[in-house]
Structure formats: C-alpha cells, structure tokens
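All remarks here apply to the structure that follows.
Naming convention: chains lettered A, B, ... in sequence-line order (proteins, then strands); numbering from 1 in each chain. Basis for what follows: all heavy atoms, side chains included, without hydrogens, waters or symmetry-related copies.
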Protein chains: 2
Amino acid sequence: MEQIKKLLDSKQIRPTVQRMKILKCLSEKKGHLTVDTIYEIIRKEIPTMSKTTVYNTLSSMAEVGIVVPIVITGKEARYELNTVQHHHFFCERCAKVIDIEVQCDHFCKGEINGHKINELHGYFKGVCKNCLTPEKGRKL
Amino acid sequence: MEQIKKLLDSKQIRPTVQRMKILKCLSEKKGHLTVDTIYEIIRKEIPTMSKTTVYNTLSSMAEVGIVVPIVITGKEARYELNTVQHHHFFCERCAKVIDIEVQCDHFCKGEINGHKINELHGYFKGVCKNCLTPEKGRKL
DNA sequence: TTATAATTTGTAAGCAATACAACATTGTAA
DNA sequence: TTACAATGTTGTATTGCTTACAAATTATAA
Ligand SMILES: [Mn+2]
Ligand SMILES: [Mn+2]
Ligand SMILES: [Zn+2]
Ligand SMILES: [Zn+2]
C-alpha cells in the first residue's frame, strides 16, 4: 500500500483514493483483470466509483509504464502491474490468463529488421492444466 | 485462384463467389486486412456484398485453420492466410503490420507447464523502419 | 419442377471503449 | 481563510466493432 504510493510519486501522479484502489486491486488479485472486474470490486467499497475513472486511470498508468494492457481475445482488455517481461497462456475453456516465464531472445535487442521495438507480447492459446484434468476440469 | 478452390475443397467448404473473393483478397493483398477493408474492396465488384458474410466467412475459415485472426490493438481484428508460423511487428506510428520471421522454441512443443498449446502468438510494438527514416517517414 | 438444405443479406442489438461536460477536490496565491 | 485555477471524478451520450437473427436468395436433391 505504501509501495503503491511510492510508485505513483515516482511518476509524479497524484495518489488519489481511486488510483490507489485500482492499483491495489491489480497487486492483490495478481493481475489480468478486466476493467469491469476492477470496477465491480471497487464499487463494493466506493459505490460512487465511476467506470470512466477506471478507464482513465489505467490509460494514464499504461502510458507511464506502471501497468500493461493485455490484449488477447479482442473482446476486452485486461491489465496487470508491469513487472518482469513474461508471456501469457490463455485457456480457451475457462478463459483464465496464466503467466508464463519465458526468456525470449528478442527481449533485449530493442530492434528487429530495422524496426525499433518498444514492446514485446507473446501468448499461447490452448487448454490449461486444470481444464485438462477430467476430475478437476470441466469448469465450463 | 484455382489454389483457393482446392483449399476450400480440402476443408469441405463450398467455394462460393463470396468466399473465393474474400480469400483472394487475403492472398493478393498479402494479409493483415481488417474486416472493413476486405468488405470495401469486394464491394467495388459485388455491390451487394454483406459485411456479415465477411464476418461469417472469416470465422468459419478461422475455425478450420484456413485463416488466422490477428489481435493486436484490441480495436479491430485483422486476418491473414494461415501460412508458416511467424510473428508480427505493429508500427505505433503508421499502424502497419509487418511479418517477422522468427523461430521460437515453443512452437513445436505443443505443451508448456502442463498446459496444452493450440496456438502461439507473438508480436512487437514500436516504430517501423520506414517511419524511423526522417526523409521517408512522417506518414502520419 | 418442387422440396429441402445451405448461404447470403440487411437490420437490430450487444457491448467495450471513448468523448464530453458538469461536478468535486486539491493546490496556490493573495 | 478566501478566491481562483488546475486537476481529478462522475454520469451520460456516442462511437465503432462484432454478433444475433430472420428474411431472402441460391444451390442441391428428389
Ligand atoms: Mn501476466
Ligand atoms: Mn503475418
Ligand atoms: Zn482452463
Ligand atoms: Zn510505420
């Protein structure tokens, strides 16, 4: 919580209640949250919370690199705190997003075929371990 | 053109005029086309063409693996013919999508951390070679 | 040809995301 | 403290991509 405030200070973003809550969500729930999920969680504590604020906050946070948007399905964006580079696994059955630690050579380069790289995104689609197990799976 | 018909036959999809045109678009323009782009191109020849048909066709083609949807921006999907595995580079300045040949170890595996892999997607975001060159760039 | 199935079309509806202006809060300077 | 500007939040309207659905058209089979 104090961490979050420091994070915002470092980027010269005023730590408002709404912004803090949004980041707290991402840090506690360990990311990959949709805007609506964040909105619904916070609304329980702050009934006046506006979804627009969630959108605005995440946009500005993404611009300064505090959070990163994850676009996989094309339906809705997800967000997570910007930590170390990693890939994602999207389960086509339960729609869960799972972190995949993977060292990709192209990370460091910063350039490929003459094109300047700012971001790198990698993700797999398939069926997650949990959904593969007959006893435990069949969540959907 | 005859190639395309064979492709559809192999998947037992009837090669209608609309379906052929859509695939011809993707093969001639070398992919990465939005639904709307395809729709506008074909509409010049077939004024009655429906955008719904473009959506329906691309969806069913994607299901059988003839085309693959490319989701990068979260705004609109793009499509390309399913060829060899490759990554993409998205230029944040001119919005162009460029093929990147890259051999990723995780292709073949078919599995990672116990999760079954069906698809792999990788893309870079940044500024393309063309937009980097001052004389030639500044397209936007 | 006639019946039946598959495909296409046009419109309505869904829904994430953005635009925008009113309202509220905070910071700054008298 | 008060006044005022700057910043942040909220609610609603609007946009734009995508899907749902039923009518119309076309292809296939009898
Ligand atoms: Mn992650
Ligand atoms: Mn490509
Ligand atoms: Zn799963
Ligand atoms: Zn470019």
Side-chain angles (χ1 to χ4, degrees), chain A residues 4-5 7-9 11-25 32-64 66-80 90 95 97, chain B residues 4-5 8-9 11-25 32-64 66-79 90 95 97:
Chain A
I4 295 173
K5 185 166 285 180
L7 189 62
L8 288 172
D9 285 343
K11 298 290 182 178
Q12 280 134 6
I13 295 176
R14 202 185 302 163
T16 65
V17 182
Q18 289 85 347
R19 287 167 181 167
M20 299 280 285
K21 282 260 185 251
I22 290 169
L23 290 183
K24 196 158 83 73
C25 259
H32 312 137
L33 302 182
T34 66
V35 169
D36 196 66
T37 301
I38 296 171
Y39 170 64
E40 289 300 341
I41 289 173
I42 299 179
R43 213 152 67 99
K44 293 201 173 74
E45 294 185 60
I46 309 176
T48 59
M49 185 71 183
S50 164
K51 195 179 278 191
T52 299
T53 298
V54 182
Y55 275 106
N56 290 340
T57 300
L58 291 172
S59 290
S60 54
M61 303 279 184
E63 256 175 40
V64 300
I66 290 180
V67 305
V68 351
I70 301 167
V71 174
I72 296 183
T73 62
K75 193 192 164 218
E76 54 192 349
R78 291 157 185 266
Y79 287 84
E80 71 177 346
F90 177 78
V97 174
Chain B
I4 294 173
K5 186 167 285 182
L8 287 173
D9 285 343
K11 297 291 182 179
Q12 279 133 7
I13 295 176
R14 200 182 302 164
T16 66
V17 181
Q18 289 85 347
R19 287 167 181 168
M20 299 280 284
K21 282 260 186 250
I22 290 170
L23 290 182
K24 196 158 82 76
C25 260
H32 313 137
L33 302 182
T34 66
V35 169
D36 196 66
T37 301
I38 296 171
Y39 170 64
E40 289 300 340
I41 290 173
I42 299 180
R43 213 153 67 100
K44 292 201 175 72
E45 294 185 58
I46 309 176
T48 59
M49 185 72 184
S50 165
K51 195 179 277 190
T52 298
T53 298
V54 181
Y55 275 104
N56 290 339
T57 300
L58 291 172
S59 290
S60 53
M61 303 280 182
E63 255 175 42
V64 299
I66 291 181
V67 305
V68 351
I70 301 166
V71 175
I72 296 183
T73 63
K75 194 192 165 218
E76 54 192 350
R78 291 158 185 264
Y79 287 85
F90 177 78
V97 175

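Nearest heavy-atom pair, B:Leu33 versus B:Cys25, reported as atom, atom and distance to 0.1 Å: CD1-O, 4.0 Å. The shortest non-hydrogen separation linking B:Ile13 to B:Arg19 is CG2-NH1, 3.6 Å. In this structure, A:Phe90 and A:Ala95 approach most closely via the heavy-atom pair CE1-O, 3.5 Å. Between A:Leu58 and A:Ile38, the shortest heavy-atom distance links the atoms CD1-CD1, 4.0 Å.
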For residues 41-50 of chain B, tabulate all N or O donor-acceptor pairs below 3.5 Å that involve a side-chain atom, not counting sequence neighbours.
residue: B:Arg43; atom: NH2; partner: B:Glu40; partner atom: OE1; Å: 3.4
residue: B:Glu45; atom: OE1; partner: B:Lys21; partner atom: NZ; Å: 2.9
residue: B:Ser50; atom: OG; partner: B:Thr52; partner atom: N; Å: 3.1

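Between B:Val35 and B:Lys51 the shortest side-chain heavy-atom distance falls below 4.5 Å. When side chains are defined from C-beta on, B:Leu23 counts as touching B:Met61, because their heavy atoms get closer than 4.5 Å. By the 4.5 Å heavy-atom criterion applied to side chains, A:Ile66 and A:Leu8 are counted as neighbours.
Between chain A and DNA chain D, the heavy-atom contact criterion of under 4.0 Å yields a 5' to 3' nucleotide range of D:dT7 to D:dT12.
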Dump the pairs, protein N or O against N or O of nucleotides 5-13 of chain C, anything under 3.5 Å, distances to one decimal.
residue: C:dA6; atom: O3'; partner: B:Arg14; partner atom: NH2; Å: 3.3
residue: C:dT7; atom: OP1; partner: B:Arg19; partner atom: NH1; Å: 3.2
residue: C:dT8; atom: OP1; partner: B:Thr16; partner atom: OG1; Å: 2.4
residue: C:dT8; atom: OP1; partner: B:Gln18; partner atom: OE1; Å: 3.4
residue: C:dT8; atom: O3'; partner: B:Gln18; partner atom: NE2; Å: 3.0
residue: C:dT9; atom: OP1; partner: B:Gln18; partner atom: NE2; Å: 3.3
residue: C:dT9; atom: OP1; partner: B:Thr48; partner atom: O; Å: 3.3
residue: C:dT9; atom: OP2; partner: B:Ser50; partner atom: N; Å: 3.2
residue: C:dT9; atom: OP2; partner: B:Thr53; partner atom: OG1; Å: 2.8
residue: C:dT9; atom: O5'; partner: B:Thr48; partner atom: O; Å: 3.3
residue: C:dG10; atom: OP2; partner: B:Thr48; partner atom: O; Å: 3.4
residue: C:dG10; atom: O6; partner: B:Thr52; partner atom: OG1; Å: 3.2
residue: C:dT11; atom: O4; partner: B:Thr52; partner atom: OG1; Å: 3.2

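Rounded to whole Å, the distance from NZ on A:Lys75 to C1' on C:dG14 is 10 Å.
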